[in-house]
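Numbers for residues simply follow the sequence, beginning at 1.
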Amino acid sequence: MIFGHGDDTYRYGSNIKYNFSSNIPAFADLSGLKAHLASSLDVIRSYPEPEARRLEELLAAEEGITPQQVLVTAGVTEAIYLIAQLYRGYTSIIPQPTFSEYADAAMAHGHVVTYYNKELNHTPDRRLFWICNPNNPTGYVMQKELISHIVRQQRENVFVVDQSYEDYTLQPMLKTCEMQDCTNLILLHSMTKRYCIPGLRLGYITASPIIVDRLRMIRQPWTVNALAIEAGEYLVSNHVEVIPDRNGYLEEAARLHEELNQLGRMLFVESETNFMLGYLENLSARELKQWLIDRYGILIRDASNFYGLGNNCFRVSAQTSEQNVLLVEAIREFLEQT
């Protein structure tokens with residue numbers, strides 16, 4: 001794990017007033033969930049289910065598949081490491097820049113890791129492709145029809161499609177129920193992102209029953225704690241929407257993207273999500289990050305530790321319109337003073 005990816009508010013404590021670093025909106029309404037968990041604290045007196053079967057049944061019904069095709073995990077990160085363990089010794093092909101845990105997990109389990117397909121000087125027999133869609137940190141979304149075509153055309157290879165940010169785009173996402181004939185596809189889903197609960201660590205895998213069964217055989221019991229399971233069951237069974245106006249939120253993200261690009265001396269790549277990747281012109285992202293913390297209590301994501309990105313790269317995610325205005329004005333002030 002590369003320290004510094006994701007939300008690092010723990011490094012700065014009360015100095016942070018506005019968090020643009022995490023890809024999860026900070027304004028999500030968690031009041032219903034908090035009240036439910038407060039009334040359900042007795043679940044911590046007993047061991048949780050070794051596997052969250054009831055939650056898997058709820059998710060399967062929502063996805064239109066069987067419970068045998070769902071595996072609940074302690075966040076998508078556990079899923080990534082489980083998959084790397086299952087396919088130990090494969091060649092992992094990982095387009096860059098993207099989430100660092102794919103490479104970390106692959107190397108931890110003896111994979112040959114290549115970051116670009118053109119780097120392969122031979123054609124390995126066992127290939128595992130990792131696709132982050134929507135991609136972190138760029139916000140690029142690969143069309144589901146293209147992924148479906150590739151998966152079906154290359155049945156000898158295994159494809160892991162991480163759809164953690166599927167709830168932060170209007171682009172259609174791949175569904176396991178549409179790919180029942182493909183035993184070489186694994187989809188990853190993040191309840192952490194969907195419900196804005198990063199502290200609870202909750203995600204799930206959807207794949208063929210064969211793959212899910214093999215993953216169950218190698219995982220440790222009780223990896224998902226009782227409160228996380230309780231939260232998941234409550235959220236799914238009650239069809240909770242913690243971001244009631246997703247369209248409005250993504251429109252706000254698009255406005256933020258446009259206003260930041262108009263500042264000059266930096267460029268933000270096109271994004272189809274709530275987060276966006278910026279490149280500073282001859283300036284340091286680390287310097288910008290520290291300046292924003294010191295002056296405004298604003299936290300952004302220094303993206304220089306993504307493979308292939310330089311020390312001028314940073315990422316922000318849209319928050320409320322008022323906070324977004326503050327971010328733009330703060331960066332404008334930084335640019336004027338440097």
Side-chain angles (χ1 to χ4, degrees), residues 5-6 22-25 55-56 58-65 69-84 92-102 105 128-152 157-180 182-198 201-208 211-212 215 232 235-236 241-243 246 249-250 253 271-277 315 317:
H5 82 58
S22 170
N23 288 340
I24 298 172
L55 180 52
E56 288 169 358
L58 292 170
L59 291 166
E62 187 177 70
E63 295 273 354
I65 55 180
Q69 293 174 272
V70 181
L71 179 64
V72 170
T73 57
V76 165
T77 300
E78 185 198 5
I80 291 168
Y81 279 81
L82 275 174
I83 292 164
S92 272
I93 300 173
I94 310 170
Q96 296 292 338
T98 197
F99 188 44
S100 62
E101 295 293 351
Y102 310 138
L128 183 66
F129 288 82
W130 300 85
I131 301 171
C132 188
N133 196 53
N135 185 49
N136 177 24
T138 62
Y140 170 74
V141 178
M142 189 174 180
Q143 291 186 346
K144 60 178 287 187
E145 293 81 8
L146 177 58
I147 299 175
S148 173
H149 175 76
I150 294 171
V151 170
R152 286 192 164 95
N157 299 320
V158 179
F159 293 84
V160 181
V161 182
D162 181 355
Q163 298 188 162
S164 289
Y165 297 100
E166 59 194 331
D167 293 291
Y168 297 124
T169 184
L170 298 180
Q171 298 301 315
M173 293 286 103
L174 206 59
K175 295 185 179 297
T176 298
C177 62
E178 302 169 336
M179 304 289 290
Q180 297 283 20
C182 297
T183 58
N184 61 327
L185 173 67
I186 304 171
L187 297 182
L188 307 184
H189 313 270
S190 174
M191 298 179 74
T192 292
K193 305 295 189 302
R194 176 180 177 183
Y195 296 113
C196 304
I197 49 171
R201 314 307 307 137
L202 198 59
Y204 62 100
I205 295 167
T206 58
S208 73
I211 291 176
V212 170
L215 289 168
L235 292 164
V236 176
E241 293 283 348
V242 299
I243 307 174
R246 182 173 63 165
Y249 175 49
L250 291 173
S271 172
E272 295 179 275
T273 67
N274 65 318
F275 56 88
M276 55 211 75
L277 177 67
R315 189 197 68 202
S317 65

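One distance of note links CD of Gln96 with SG of Cys132; it measures 10.5 Å at 0.5 Å rounding. Interatomic distance, Lys193 NZ to Ser22 OG, rounded to the nearest 0.5 Å: 7.5 Å. Once rounded to the nearest 0.5 Å, the distance linking SG of Cys177 with CD of Glu63 reads 7.0 Å. With rounding to the nearest 0.5 Å, the separation of OH in Tyr204 from CD in Glu56 is 11.5 Å. Atom-to-atom distance recorded for Leu202:CG and Leu55:CG is 6.0 Å, nearest 0.5 angstrom. Distance OG1/Thr206 to CD1/Ile65: 5.0 Å, rounded to 0.5 Å.
Looking at heavy atoms from C-beta onward, Met191 lies out of side-chain contact with Val72 at the 4.5 angstrom threshold. Within the 4.5 Å cutoff, side-chain heavy atoms of Val236 are placed close to those of Tyr195.
Tyr168 and Tyr249 have perpendicular rings, their planes meeting at more than 60° on a 0 to 90° scale where under 30° would count as parallel.
A search for salt bridge (charged side-chain N to carboxylate O under 4.0 Å, His left out) contacts involving Arg201 returns nothing, not counting sequence neighbours. Under the side chain to side chain contact (heavy atoms under 4.5 Å, CB included) criterion, Leu170 pairs with Arg246, Asn247, Leu250, sequence neighbours left out. The salt bridge (charged side-chain N to carboxylate O under 4.0 Å, His left out) test applied to Glu272 returns no partner, not counting sequence neighbours. In this structure, the side chain to side chain donor-acceptor pair (under 3.5 Å) partners of Thr138, at least two apart in sequence or on a different chain, are Asn135. Scanning for side chain to side chain donor-acceptor pair (under 3.5 Å) contacts around Gln180 gives Gln69, with sequence neighbours left out. Listed by chain and number, the residues in a ring pair (Phe, Tyr, Trp, His ring centres under 6.0 Å) with Tyr140 amount to none (sequence neighbours excluded). For Gln163, the side chain to side chain contact (heavy atoms under 4.5 Å, CB included) partners two or more places apart in sequence, or in a different chain, are Val161, Glu166, Met173, Leu174, Leu187, His189. Not counting sequence neighbours, the partners of Glu178 by the salt bridge (charged side-chain N to carboxylate O under 4.0 Å, His left out) test are Lys144. Checked against side chain to side chain contact (heavy atoms under 4.5 Å, CB included), Ala207 has the following partners two or more places apart in sequence or in another chain: Ile186, Ile205, Ile211, Val212. Looking at residues two or more places apart in sequence or on another chain, you find a side chain to side chain contact (heavy atoms under 4.5 Å, CB included) between Ser271 and Thr273, Met276. Among residues two or more places apart in sequence or in another chain, the side chain to side chain donor-acceptor pair (under 3.5 Å) test is passed with Thr192 by none. Listed by chain and residue number, Phe99, Trp130 satisfy the ring pair (Phe, Tyr, Trp, His ring centres under 6.0 Å) test with Tyr102 (two or more places apart in sequence, or in another chain).
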I would like to know whether Ser317 and Ile24 meet side-chain contact (heavy atoms from CB on, under 4.5 Å); could you show each step before the answer? CA-CA 8 Å; Ser317 65; Ile24 298 172; over 6 Å; no
Using side-chain contact (heavy atoms from CB on, under 4.5 Å), reason through Asn23 and Asn136 one step at a time and then give a plain yes or no. CA-CA 9 Å; Asn23 288 340; Asn136 177 24; 3.6 Å; yes
Verdict with reasoning, Val160 to Ile131, per side-chain contact (heavy atoms from CB on, under 4.5 Å): CA-CA 6 Å; Val160 181; Ile131 301 171; over 6 Å; no
Between Asn157 and Phe159, is the side-chain contact (heavy atoms from CB on, under 4.5 Å) condition met? List the steps. CA-CA 7 Å; Asn157 299 320; Phe159 293 84; 3.9 Å; yes
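Annotation for Gln143: atom CD does not count as buried by contact number, only 12 or fewer foreign heavy atoms lying within 6.0 Å.
Under a 4.0 Å N-O distance rule, the pair Arg194/Glu62 qualifies as a salt bridge.
Looking at every heavy atom in both residues, Ile243 comes nearest to Pro25 through CD1-CG, 3.3 Å.
Under the 3.5 Å distance criterion, the side-chain polar atoms of Asn184 are matched with a main-chain donor or acceptor of Val151.
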